2 protein chains.
Amino acid sequence: MLLAERTLDALGDPTRRLIFKRLKGGNKSVEEVARGLSVSRPAVSQHLKVLKTAGLAVVRVEGTRRIYSVDTRGLTALRGWLDGFWDKTLMAFRDAAEKEAARERETR
Amino acid sequence: MLLAERTLDALGDPTRRLIFKRLKGGNKSVEEVARGLSVSRPAVSQHLKVLKTAGLAVVRVEGTRRIYSVDTRGLTALRGWLDGFWDKTLMAFRDAAEKEAARERETR
DNA sequence: ACACTCCGTAAGTTTATACTTACGGTTAAG
DNA sequence: CTTAACCGTAAGTATAAACTTACGGAGTGT
C-alpha cells in the first residue's frame with residue numbers, strides 16, 4: 001500500500017487528527033499529548049502508533065519518555081498524492097472542455 | 001466542522017478513495033462508477049453522497065442518470081489544510097533549532 | 001398505460017476500529 | 001533494592017460505519 005493511502009487512512013479519524021495537530025507545537029511526550037484529551041493515555045499511544053506507521057510521526061527516546069514529533073515524509077506523500085490528483089482532474093476538465101467545443105462545432 | 005476535516009474523513013476509506021479516483025476520468029454515471037467494483041451499487045451511491053458533502057464531488061442530472069464529477073472545492077480545502085500544517089511544522093522545526101543553538105551556547 | 005432503466009433511501013446486519021482496563025517492561029531517583 | 005514515572009501491548013467491549021437487500025420515485029421509450 002502506498003504511503004499516501006496510509007496517511008489518508010490515519011488522518012481519517014478526528015481524535016487522531018487532534019493528536020496529530022498537537023505534534024505541530026513541537027516535541028511532546030505521550031503524557032503531554034494525552035493531557036486534557038477525552039480519551040485515555042493508552043488510546044493515545046495506539047493513535048501515535050498509527051501515525052508513526054503512516055509516516056506522520058517520529059519517536060525519540062529520552063529517559064523514560066518517548067518524545068513524538070511530526071514526520072514530514074507522510075505530509076510529503078500526501079502532498080504528492082494531492083498534486084497528482086489535481087493534475088489529472090484538470091486534464092479531465094480540459095478534455096471535457098474540448099469535447100464541449102467539438103459538440104459546438106458540430107451543431108453549427 | 002471545517003471542509004478540510006470532512007474531506008479527510010471522506011478520503012479515509014479505501015473504497016471511497018477508489019470511487020473518487022474513478023471520477024478523475026471525467027463524468028461518470030453511478031452505474032459506470034459501480035461497474036466492476038466489489039461493492040453493490042447502493043453502496044456506491046452512499047459513498048458518492050459522502051464525497052458530495054465533503055466537497056469532493058458534484059452531480060448533474062442527465063435524463064434518468066446522475067453524472068458525477070470531481071469537485072475542486074474539497075481538493076482546495078485539503079490543500080489549504082496541508083499547507084497550513086506544513087508552515088506550522090516548519091516553524092516548530094525552526095524553534096527547535098534555535099533552542100538547540102541556545103543550548104549549545106550555554107554549554108560552551 | 002406499461003415496461004424498463006437508473007438511481008436514492010430506509011432498515012437491518014455485519015464488520016472494522018476506537019476505546020477501556022489490566023498488565024509488564026524500562027528508566028531514573030531515593 | 002524499592003519506588004515511582006512513563007509508556008507500549010494484550011484482551012475484551014462498545015460503537016461507528018460500511019454493506020446488503022428491499023423498495024419506490026423519476027425519467028424514457030413502446
Side-chain angles (χ1 to χ4, degrees), chain A residues 1-2 5-23 25-71 74, chain B residues 1-23 25-71 74:
Chain A
M1 199 193 198
L2 282 161
E5 309 255 333
R6 260 178 307 173
T7 67
L8 285 170
D9 277 336
L11 295 174
D13 178 72
T15 353
R16 205 144 49 212
R17 275 199 301 272
L18 194 61
I19 292 174
F20 185 51
K21 282 185 207 162
R22 291 204 169 190
L23 297 183
N27 304 318
K28 291 233 165 62
S29 71
V30 177
E31 194 266 332
E32 279 175 320
V33 173
R35 186 146 44 208
L37 239 53
S38 59
V39 296
S40 69
R41 185 202 47 81
V44 174
S45 266
Q46 291 164 5
H47 281 305
L48 285 169
K49 185 181 185 178
V50 175
L51 290 174
K52 208 171 52 179
T53 341
L56 291 167
V58 282
V59 214
R60 174 170 40 97
V61 181
E62 203 159 280
T64 165
R65 307 202 273 196
R66 314 289 172 95
I67 309 296
Y68 282 85
S69 54
V70 173
D71 187 353
Chain B
M1 199 194 199
L2 280 164
L3 181 59
E5 309 255 333
R6 259 178 305 169
T7 69
L8 285 170
D9 277 335
L11 294 174
D13 178 71
T15 338
R16 205 146 48 212
R17 274 199 302 272
L18 195 61
I19 292 174
F20 185 52
K21 282 184 206 162
R22 292 204 170 189
L23 297 183
N27 304 317
K28 291 234 165 64
S29 71
V30 178
E31 194 266 333
E32 280 175 319
V33 173
R35 186 145 46 208
L37 239 54
S38 59
V39 296
S40 70
R41 186 203 45 81
V44 173
S45 266
Q46 291 164 6
H47 281 305
L48 285 169
K49 185 181 186 179
V50 175
L51 289 174
K52 209 171 51 178
T53 26
L56 290 167
V58 281
V59 213
R60 172 168 42 96
V61 181
E62 202 161 279
T64 165
R65 307 202 270 197
R66 314 289 171 95
I67 309 296
Y68 281 85
S69 53
V70 174
D71 188 354

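Since this is a predicted model, take the numbers as computed values, not measurements. Every chain is numbered from 1, with letters handed out A, B, ... down the list of sequences.
- Judged as a ring-ring contact (aromatic ring centres under 6.0 Å, His included), and not counting sequence neighbours, the contacts of B:F20 are A:F85.
- For the pair B:S45 and C:dT9, the criterion of a side-chain N or O lying under 4.0 Å from OP1 or OP2 is not met.
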Please list every donor-acceptor pair under 3.5 Å in which a side-chain atom of residues 1-12 of chain B meets a protein atom from a residue at least two apart or in another chain.
from, atom 1, to, atom 2, distance (Å)
B:E5, OE1, A:R17, NE, 3.1
B:E5, OE1, A:R17, NH2, 3.4
B:E5, OE2, A:K21, NZ, 2.9
B:R6, NH1, B:T53, O, 3.1
B:T7, OG1, B:A4, O, 2.6
B:D9, OD1, A:R17, NH1, 3.2
B:D9, OD1, A:R17, NH2, 3.4
B:D9, OD2, A:R17, NH2, 3.4

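- Look at CG on B:L51: it is 15 Å from C1' on C:dG8, rounded to the nearest Å.
- Side-chain nitrogen and oxygen atoms of A:Y68 include at least one within less than 4.0 Å of the OP1 or OP2 phosphate oxygen of D:dG8.
- Note on A:K49: every side-chain N or O is 4.0 Å or more away from OP1 and OP2 of D:dG8.
- Each salt bridge (Lys or Arg N to Asp or Glu O under 4.0 Å) pair with one or both residues in residues 42-57 of chain B, not counting sequence neighbours, would appear here, but there are none.
- Rounding to whole angstrom units, CD1 of residue A:I67 and P of D:dG8 are separated by 11 Å.
- Look at CZ on A:R35: it is 15 Å from C1' on D:dC7, rounded to the nearest Å.
- At whole-Å resolution of the value, CG in B:L48 and P in C:dC6 are 16 Å apart.
- When the options B:R60, B:R65, B:R66 are evaluated for a side-chain hydrogen bond (donor to acceptor under 3.5 Å, both in side chains) with B:E62, the one that passes is B:R60.
- Spacing between atom CG of B:L37 and atom C1' of D:dT20 amounts to 15 Å, rounded to whole angstrom units.
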Pair up each side-chain donor or acceptor in residues 36-47 of chain B with any protein partner under 3.5 Å, not counting sequence neighbours, and list the distances.
from, atom 1, to, atom 2, distance (Å)
B:S40, OG, B:A43, N, 3.4
B:H47, ND1, B:R16, NH1, 3.4

Discussion item. Within the 4.0 Å limit for protein heavy atoms, which parts of nucleotides 14-28 of chain C are touched? Write it as a string from 5' to 3', B for base, S for sugar-phosphate only, - for none.
Written reply: ----SBBBB----SS
Practice prompt. Assess whether side-chain contact (heavy atoms from CB on, under 4.5 Å) is satisfied between A:L51 and A:L48, documenting all intermediate values.
Written response: CA-CA 5 Å; A:L51 290 174; A:L48 285 169; 4.3 Å; yes
